[in-house]
Amino acid sequence: MKDLKITGASDTFFTPNIEFQGESGVCIISGESYLENTVEFYKQILDWLRSYMETMQPIDFHFSLTYYNTSSSKAILQIMNLLKDYENKGGKISVTWHYNPDDEDMREEAEDYELDTGIKLNIIGDIIK
Amino acid sequence: MLSNEELYQNYIIGQTPNLVLSYKGPFLEEILAKLSDIIRETFTQDPVISRKLLSIFIEMAQNVYYYSGESIPLAGKEYGIGYVIVSQEPNDIFKFTTGNFIPMTRVDGLIESCERINSLDREGLRQLKREVRSSEPGSEVSKGAGIGLIQIALTATEPMEYEVIPYDSEKSFFFITIKIKA
């Protein structure tokens with residue numbers, strides 16, 4: 001499957017870096033997320049994941065965001081729900097939450113997503129640049 | 001229209017010690033981006049504090065942008081009008097205030113949200129945020145206890161201060177102040 005690659009930018013809005021590899025199933029979202037149209041931006045990510053999931057290949061997902069606004073946090077929840085559904089249907093997933101070890105709030109966010117979705121996150125105090 | 005003398009008096013009276021920024025007008029994305037840059041550059045030493053200041057600023061600004069009872073159409077889009085002032089107080093306290101008109105129909109709900117948020121401890125706020133976030137995934141504009149306000153309260157180090165000043169039969173003016181220790 002074709003890769004999904006979006007280069008992050010920080011101008012009027014903050015676009016995260018997206019690097020989803022169709023071959024290996026390694027998916028990384030990093031940087032900052034505050035977008036003009038959050039729903040539209042994350043739709044392409046959800047669509048890519050849904051197509052990938054048809055292959056039933058394993059997914060190694062990495063969240064490594066240093067900032068996101070509350071609209072983006074709803075989109076992140078949708079990604080987590082989708083990954084959890086995939087696991088429930090027999091898909092193999094590994095989901096890692098990277099955070100700045102000094103930023104306790106971002107660790108709490110990971111715990112809250114676990115409670116919301118029942119997903120198991122590997123929570124690591126180390127950011128992917 | 002104010003005379004020069006009145007504008008001068010307004011400016012002098014409005015002088016805030018240790019002002020970081022002050023803006024009144026339509027909350028255009030481009031302007032908010034520049035103001036965000038000022039916020040970030042004010043406190044670059046610590047990326048966590050910098051992230052928290054930015055988070056508070058953006059959520060507060062978005063509340064004005066979406067909910068202000070006064071707006072202006074520009075290039076086919078409707079922009080909320082309001083006021084934002086950020087200052088650095090003694091003991092490394094950053095103070096954020098926004099002010100904007102709100103329609104009368106929203107006053108009770110907004111006060112209720114603020115009271116509810118201020119009555120909760122950190123765990124209660126986290127739980128409320130999770131409830132609100134799960135109840136309407138993907139929705140850009142939340143109603144009631146907006147997730148933005150909850151996020152602001154979670155990031156702040158002191159309870160929110162808010163005040164509603166009656167204006168006329170259709171709208172009131174709403175102030176909210178958030179303090180965070182750097």
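In what follows, chains carry the letters A, B, and so on, assigned in the order in which the sequence lines appear, proteins first and then strands, with residues in each chain numbered from 1. It should be emphasised that the depicted structure is a prediction, and the values quoted were computed from it without experimental measurement. We use all heavy atoms of the structure for the numbers below, so side chains are in, but hydrogens, waters and symmetry mates are not.
Looking at E78(B) and S71(B), their side chains do bring a donor and an acceptor atom within 3.5 Å of each other. For the 3.5 Å distance criterion, the side chains of S72(A) and T38(A) fail to qualify, holding no donor opposite an acceptor. Between the side chains of S113(B) and E115(B), no donor-acceptor pair of N or O atoms lies under 3.5 Å.
Of the atoms belonging to K34(B), not a single heavy atom falls under 4.5 Å from chain A. Contact of Q127(B) with chain A is not made at all, since no heavy-atom distance falls under 4.5 Å. For D11(A), the part lying under 4.5 angstrom from a heavy atom of chain B is the backbone only. Of the atoms belonging to Y42(A), not a single heavy atom falls under 4.5 Å from chain B. When heavy atoms are compared at a cutoff of 4.5 Å, T66(A) approaches chain B solely by way of its backbone atoms N, CA, C and O. At a 4.5 Å heavy-atom cutoff, the contact between E59(B) and chain A is made by side-chain atoms alone. Interface residue E108(A): backbone and side-chain heavy atoms are both found under 4.5 Å from chain B.
Most heavy-atom pairs under 4.5 Å with chain B: of the set T12(A), D116(A), N69(A), this distinction falls to D116(A). Taking chain B as the reference chain and counting heavy-atom pairs below 4.5 Å, the highest number among N100(A), L115(A), D102(A) is found for L115(A). For the set E29(B), R126(B), K52(B), E30(B), the entry with the most heavy-atom pairs within less than 4.5 Å of chain A is R126(B).
Between M56(A) and G90(A), the shortest heavy-atom distance links the atoms CE-C, 3.8 Å. For the residue pair L35(B) and L21(B), the shortest heavy atom distance occurs at O-CD2, 3.7 Å.
Checked against the 6.0 Å centroid threshold, Y113(A) and F63(A) do not count as a close aromatic pair. Taking the centre of each ring, F20(A) and F61(A) come in below the 6.0 Å mark.
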